[in-house]
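Just passing along the structure, written as structure tokens.
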Amino acid sequence: MRSLPRPSRLEAPLGLKGRSAEAAATLGLATVGDLLEHLPDRHLDRREGRQLASLSPGEEATVGVVVKDVTSRPMRRRSGVRVEARVADDSGPALAIWFNQPWVARQLAPGANVLLRGAVKQRNEFHVREWESFEGADAAVHTQGLVAMYPAAHGISKRLLRELAQRAREGVRDVPEPLPAGLRVAERLPERSAALAGAHFPTADAEFEAARRRLAFEELLLLELALGRRRRVRHAARRATPLELGGELVEPWRARLPFELTGEQRLAVEEVDRDLAGEHAMQRLLMGEVGSGKTVVALHAMLRAVETGRQAALMAPTETLAEQHLATLDRLLGGLVPIALLTGSTPAARRRELLGRLESGELALLVGTHALIEAPVRFRDLALTVIDEEHRFGVRQRDALAAKAPEGRTPHLLHLTATPIPRTLELTSYGDLETTALRELPSGRRPVETHVVSGERARARAYERIREEIARGRQCFVVCPLVEESEALQARAATVEAERLRETEFRDHRLALVHGQLPSHEKATAMREFASGSADVLVATSVIEVGIDVPNATVMVIEEAERYGLSQLHQLRGRVGRGAHGGVCILFGDAKLPRLAAIAAESDGFRLAEIDLELRGAGEVLGTRQSGLPRLKFATLPEDEELLVLARAWAERLLEDDERLEAAEHVLLREAVDARFAVESEERPDGLELVDSPSG
């Protein structure tokens with residue numbers, strides 16, 4: 001793998017030893033160049049030298065003081081320790097206070113000069129948020145003006161990192177500039193060396209943010225260039241069978257549908273048709289709001305393959321979801337084309353019969369689980385694969401299904417997800433796919449009323465509401481976080497709750513149970529009972545999260561709602577209110593918990609996806625897909641989405657003009673991309689190879 005040539009001053013070691021060297025290594029710091037890319041979190045303002053006597057109650061500030069004495073004692077009204085230090089500056093004394101930090105008393109000594117960051121809370125009390133000493137002859141160099149506060153680690157302090165940064169200051173001159181001059185001029189960006197200097201040693205607040213913004217833009221541009229180059233490499237390599245748009249099968253099917261496609265469904269169908277008509281394999285992600293009609297678009301694509309005499313397959317991550325897909329597709333087809341199901345539970349005789357029909361081409365449409373990628377499964381001419389909830393499959397599993405196509409050809413691929421993707425992730429984690437979003441709900445669909453409640457009184461009312469709905473001929477879900485009771489996890493278990501509810505709240509009603517550990521035939525029986533209306537209440541785990549379509553279900557109770565993620569709660573909620581009667585979702589949990597407050601207030605899945613990203617951060621959310629993307633050093637997502645969009649636009653423009661980045665003004669830019677990413681990697685089948693971080 002190539003790397004940027006780095007002048008010797010940037011390659012120079014930091015000169016640390018022992019624990020300090022080990023701690024620096026945990027931060028990825030070994031050389032001067034590494035240190036210059038380790039930016040401060042923020043800067044403390046010591047330009048005006050605030051004095052204790054000048055501070056107003058509640059005002060936060062940084063002050064330099066001398067310690068007179070230190071004491072530590074238990075707090076009176078609650079458990080914990082309160083450390084008090086009498087301190088003073090030229091304006092007078094104050095009492096500095098730390099809560100539940102007993103080690104501070106051991107680290108302070110009378111006569112020490114310390115820098116305190118905090119606020120005056122009441123008469124002469126200064127509550128400390130952070131602090132450090134500033135002893136030594138060179139203290140004025142890095143504890144005055146705008147004082148850099150670096151991300152630190154146990155064994156290496158913010159103060160030591162500041163000292164190291166001061167020593168490395170001259171190395172900034174050797175930093176190479178990868179961005180073309182025309183781009184920098186157009187976006188009014190400083191050179192990289194000036195940006196690094198401004199980030200570490202600013203003279204004004206705005207200088208640091210301008211420097212960080214320039215470095216963040218560059219980082220996001222490199223990422224988008226890597227993704228763009230990968231898209232082009234894959235596009236050129238993946239030859240597919242063009243599916244001519246004849247219409248002999250699709251048009252009569254469309255005419256027989258008992259509903260009109262929404263405007264967004266029609267646009268999605270047009271995009272898919274254009275992709276299928278091409279010689280390069282479609283790579284499209286269809287993301288849609290709960291109930292937005294992704295399955296209809298997927299079936300349209302599958303029938304395009306069938307009407308050209310070829311085959312299509314849909315792979316789902318669980319048997320329950322595969323069975324639901326089969327039922328939905330079969331209903332939408334209305335007997336027009338034969339369709340079958342293949343899972344790990346398919347009986348041997350049935351399996352042999354299906355595989356024979358599949359290999360001969362008699363069977364054109366197949367739905368299944370991981371069983372589809374097993375070696376004995378052979379298609380005569382697989383032209384399209386649809387993968388539902390694709391983030392639940394590994395890269396090799398997806399590729400194994402694609403390998404079922406005729407030799408030398410790649411099937412068109414349509415990914416489906418019921419979890420809306422925030423734009424930030426659409427441009428990064430899914431940046432190698434074309435995307436289509438379905439936000440529009442079918443006519444007449446109403447938002448589900450959502451309430452977060454707690455306590456036995458609320459529980460009694462919830463059960464009463466369920467009985468009222470059953471009396472009207474409706475059905476209801478009760479969702480529990482566990483299958484069986486656990487000593488380690490104190491939460492409601494579906495098996496136990498089902499028995500309790502049968503004997504108490506719903507003893508006069510029909511109740512079914514489904515969870516992931518049930519044998520396949522028992523799960524299928526329970527789902528059939530509920531779907532047909534034979535069962536009034538379905539007690540379940542999150543196995544019903546996606547793919548369950550029972551229009552008669554109007555109420556869902558979710559136990560221990562805080563144990564579910566925001567997108568998972570939205571998916572579960574989407575199982576009710578799918579018919580003409582509306583729906584209610586009752587969540588038992590803490591209404592003050594941010595994600596529960598969000599699900600109660602917001603019904604738009606795309607907005608909830610953005611909120612989820614804000615609450616959890618891009619790093620954790622990116623981890624849900626095998627993306628191979630690095631931790632970002634300078635950019636922060638989703639806060640820097642505007643920069644990400646700008647970087648994407650520039651990447652597309654640059655690659656359109658110079659696909660291989662071979663022009664003289666792009667050489668350093670190409671080397672910067674190659675230093676951090678491998679465009680196609682044998683080590684990572686999903687594409688981007690991570691260079692500078694062990695975790696995506």
Side-chain angles (χ1 to χ4, degrees), residues 14 24 27 29 32-56 58-66 87 89-91 94 96 112-120 126-153 156-173 175 188-219 632-636 639-640 643:
L14 294 176
L27 297 172
L29 306 180
V32 167
D34 296 332
L35 182 68
L36 290 175
E37 294 200 347
H38 186 70
L39 299 193
D41 287 323
R42 63 197 183 286
H43 292 78
L44 299 184
D45 191 348
R46 289 277 291 151
R47 288 171 295 185
E48 297 180 8
R50 296 299 302 275
Q51 302 242 297
L52 287 168
S54 69
L55 301 179
S56 303
E59 180 182 3
E60 185 162 304
T62 304
V63 294
V65 298
V66 177
V87 299
D89 62 11
D90 292 341
S91 70
N113 293 298
V114 294
L115 201 64
L116 306 180
R117 178 72 177 177
V120 174
F126 190 89
H127 290 200
V128 182
R129 184 158 62 84
E130 55 191 358
W131 72 282
E132 62 179 86
S133 62
F134 61 102
E135 308 289 350
D138 63 341
V141 176
H142 59 82
T143 58
Q144 294 183 2
L146 289 173
V147 180
M149 301 298 285
Y150 291 93
I156 185 166
S157 65
K158 297 178 187 292
R159 171 189 167 85
L160 178 54
L161 288 169
R162 274 204 306 275
E163 292 176 359
L164 292 171
Q166 285 291 339
R167 295 179 209 162
R169 192 166 188 163
E170 290 301 310
V172 169
R173 299 179 182 178
V175 171
R188 299 181 180 180
L189 299 174
E191 291 189 352
R192 194 173 206 274
S193 57
L196 285 171
H200 287 280
F201 319 111
T203 56
D205 296 319
E207 186 179 357
F208 171 72
E209 179 51 30
R212 189 206 65 84
R213 185 179 184 278
R214 183 263 187 257
L215 296 168
F217 171 80
E218 176 194 316
E219 181 174 48
L632 298 174
K633 293 181 179 180
F634 309 125
T636 303
E639 290 84 350
D640 283 324
L643 279 183

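All heavy atoms count here, side chains included; hydrogens, waters and symmetry mates do not.
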Apply the side-chain hydrogen bond (donor to acceptor under 3.5 Å, both in side chains) test between Lys633 and each candidate in Glu219, Glu37, His38; give the one that qualifies.
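Option passing the side-chain hydrogen bond (donor to acceptor under 3.5 Å, both in side chains) with Lys633: Glu37.
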Step by step, would you call Leu39 with Leu196 a side-chain contact (heavy atoms from CB on, under 4.5 Å)?
CA-CA 8 Å; Leu39 299 193; Leu196 285 171; 4.2 Å; yes
Contacts of Arg173 that satisfy salt bridge (Lys or Arg N to Asp or Glu O under 4.0 Å) - sequence neighbours left out
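Expected list: Glu170.
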Under the side-chain hydrogen bond (donor to acceptor under 3.5 Å, both in side chains) rule, collect the residues that match up with Ser91, sequence neighbours excluded.
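Counting only residues at least two positions away or on another chain, Ser91 forms a side-chain hydrogen bond (donor to acceptor under 3.5 Å, both in side chains) with Asp89.
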Hey, could you give me the CE/CG distance between Met149 and Leu161, rounded to the nearest 0.5 Å?
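Met149 atom CE to Leu161 atom CG measures 10.5 Å (nearest 0.5 Å).
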Just verifying a value: how many Å separate Ile156 CD1 and Leu29 CG, rounded to the nearest 0.5 Å?
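Nearest 0.5 Å value for the CD1-CG distance: 6.5 Å.
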Within this structure, what is the CG-CD distance for the pair Leu116 and Glu130, rounded to the nearest 0.5 Å?
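Here the interatomic distance stands at 10.5 Å.
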To the nearest 0.5 angstrom, please state how far the CZ atom of Arg167 sits from the CG atom of Leu14.
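Here the rounded value is 9.0 Å.
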So, for His200 and Pro40, which heavy atoms are closest and what is the spacing to 0.1 Å?
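Of all heavy-atom pairs spanning His200 and Pro40, the closest is ND1-CD, 4.1 Å.
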Just by distance, do the side chain of Arg214 and the backbone of Pro190 share a donor-acceptor pair under 3.5 Å?
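Flag set: sc Arg214 to bb Pro190 pair under 3.5 Å.
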Is there a side-chain contact (heavy atoms from CB on, under 4.5 Å) between Asp640 and Arg212? Walk through the geometry before answering.
CA-CA 11 Å; Asp640 283 324; Arg212 189 206 65 84; 2.9 Å; yes
Would you say that Leu52 contacts Val65 through its side chain, given a criterion of any heavy-atom pair below 4.5 Å between the two side chains?
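With C-beta onward as the side chain, the pair touches.
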Leu27 side, atom CG; Tyr150 side, atom OH - distance, nearest 0.5 Å
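Taking CG in Leu27 and OH in Tyr150, the distance rounds to 12.5 Å.
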From His43 NE2 over to Phe201 CZ, what is the distance, rounded to the nearest 0.5 angstrom?
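The distance works out to 8.5 Å.
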Answer yes or no: is there a side-chain heavy-atom contact under 4.5 Å between Val63 and Leu55?
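Answer yes - side chains close enough.
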Could you go through Leu146 and Thr203, starting from their C-alpha distance and side-chain angles, then the distance that decides it, and tell me whether this counts as side-chain contact (heavy atoms from CB on, under 4.5 Å)?
CA-CA 7 Å; Leu146 289 173; Thr203 56; 5.9 Å; no
Sub-3.5 Å donor-acceptor pair from the side chain of Arg192 to the main-chain atoms of Leu215, do we have one?
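No, because the side chain of Arg192 does not come within donor-acceptor range (under 3.5 Å) of the backbone of Leu215.
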Sidechain N-carboxylate O distance under 4.0 Å for Glu209, Arg213:
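Salt bridge: no.
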Partners meeting salt bridge (Lys or Arg N to Asp or Glu O under 4.0 Å) with Arg117 (sequence neighbours left out)
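Expected list: Glu60.
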